[in-house]
Amino acid sequence: MKVNTQSVNFNADSELINFLQNRLDKIETFYSKVISSDVYMKVENTSSKANKIVEIKINVPKDKFIVKKQCKSFEEAVDSACNSLERRLIKQKEKLRVQA
């Protein structure tokens with residue numbers, strides 16, 4: 001799957017990019033018709049420790065899924081967002097199976 005990554009207010013290192021790519025590749029096991037994904041990683045200037053924001057947009061035929069998570073680390077936010085996306089894609093797959 002093609003993953004477009006943008007990091008806002010910081011430079012993402014290759015380790016974070018590899019973690020993101022590996023985690024998003026696992027999503028294809030749940031829903032094989034994923035076309036591409038866009039990932040936006042931001043650091044918010046606040047006093048709280050949970051200032052890392054990850055927004056993932058998954059493009060599938062005839063639909064888009066967007067999940068936004070805010071956590072203490074980017075890895076935690078990516079993991080949480082991917083878990084939410086997996087649940088949503090499984091529901092979508094069930095809907096398509098019922099309609100067919």
Side-chain angles (χ1 to χ4, degrees):
M1 166 185 16
K2 186 170 189 267
V3 179
N4 298 322
T5 308
Q6 284 190 336
S7 53
V8 181
N9 297 337
F10 77 103
N11 291 327
D13 63 338
S14 61
E15 197 173 306
L16 179 61
I17 301 293
N18 289 337
F19 174 79
L20 181 68
Q21 181 70 45
N22 290 336
R23 190 63 179 92
L24 285 173
D25 285 342
K26 291 179 185 175
I27 286 182
E28 286 189 316
T29 62
F30 295 96
Y31 195 84
S32 61
K33 296 177 181 163
V34 176
I35 299 169
S36 67
S37 61
D38 300 316
V39 180
Y40 303 101
M41 296 182 286
K42 303 172 193 168
V43 177
E44 198 173 64
N45 292 330
T46 61
S47 59
S48 70
K49 291 184 179 180
N51 64 345
K52 315 289 194 291
I53 301 171
V54 172
E55 186 175 329
I56 301 176
K57 182 169 78 171
I58 298 284
N59 297 313
V60 296
K62 300 180 185 175
D63 214 348
K64 290 180 189 169
F65 296 102
I66 301 173
V67 174
K68 187 175 186 180
K69 296 289 180 181
Q70 183 170 353
C71 295
K72 291 180 183 177
S73 70
F74 284 113
E75 288 83 2
E76 185 182 357
V78 166
D79 206 37
S80 178
C82 285
N83 287 336
S84 296
L85 279 170
E86 287 168 3
R87 286 194 300 274
R88 290 179 69 181
L89 289 172
I90 289 170
K91 282 183 183 178
Q92 177 71 11
K93 196 173 181 178
E94 290 297 319
K95 275 185 190 177
L96 292 174
R97 190 175 294 155
V98 168
Q99 289 175 356

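What you are looking at is a predicted structure, and each value in this text was computed from that prediction instead of being measured.
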Pairwise distance [atom1]([X]) to [atom2]([Y]) - rounded to 0.5 angstrom:
X: I17; Y: F74; atom1: CD1; atom2: CZ; value: 10.0 Å
X: K62; Y: L96; atom1: NZ; atom2: CG; value: 8.5 Å
X: S37; Y: Q21; atom1: OG; atom2: CD; value: 7.5 Å
X: D38; Y: I56; atom1: CG; atom2: CD1; value: 10.5 Å
X: M41; Y: N11; atom1: CE; atom2: CG; value: 10.5 Å
X: K52; Y: F10; atom1: NZ; atom2: CZ; value: 9.0 Å

Using atom types as modelled and distance alone, determine if a side-chain donor or acceptor of [X] lies under 3.5 Å from a backbone N or O of [Y].
X: Q70; Y: A50; value: yes
X: T29; Y: K26; value: yes
X: D79; Y: E75; value: no
X: N51; Y: N45; value: no

- Any ion pair linking E94 and K91 (charged N to carboxylate O, less than 4.0 Å)? no

- Charged N-O contact under 4.0 Å between E86 and R23: yes

- Task: Indicate the atoms forming the closest heavy-atom contact of S7 with A12, along with that distance.
- Result: OG-N, 3.7 Å

- Note on the structure: Nearest heavy-atom approach of E28 to V34 is OE2-O, 4.2 Å

Any non-hydrogen side-chain atom of [X] less than 4.5 Å from a side-chain atom of [Y]?
X: V60; Y: L89; value: yes
X: K64; Y: I58; value: no
X: I53; Y: Y40; value: no
X: I90; Y: K93; value: no
X: L24; Y: V78; value: no
X: F65; Y: I27; value: no

- Query: Would you say the side-chain atoms of N4 and K2 include a donor-acceptor pair closer than 3.5 Å?
  - Reply: yes

- Message: Taking F30 as the starting point, is it possible to reach V3 by hopping between hydrophobic residues whose side chains are less than 4.5 Å apart?
- Response: no

- In the single-linkage hydrophobic clustering (I, L, V, M, F, W, Y; side-chain heavy atoms under 4.5 Å), do V39 and V43 co-cluster? yes

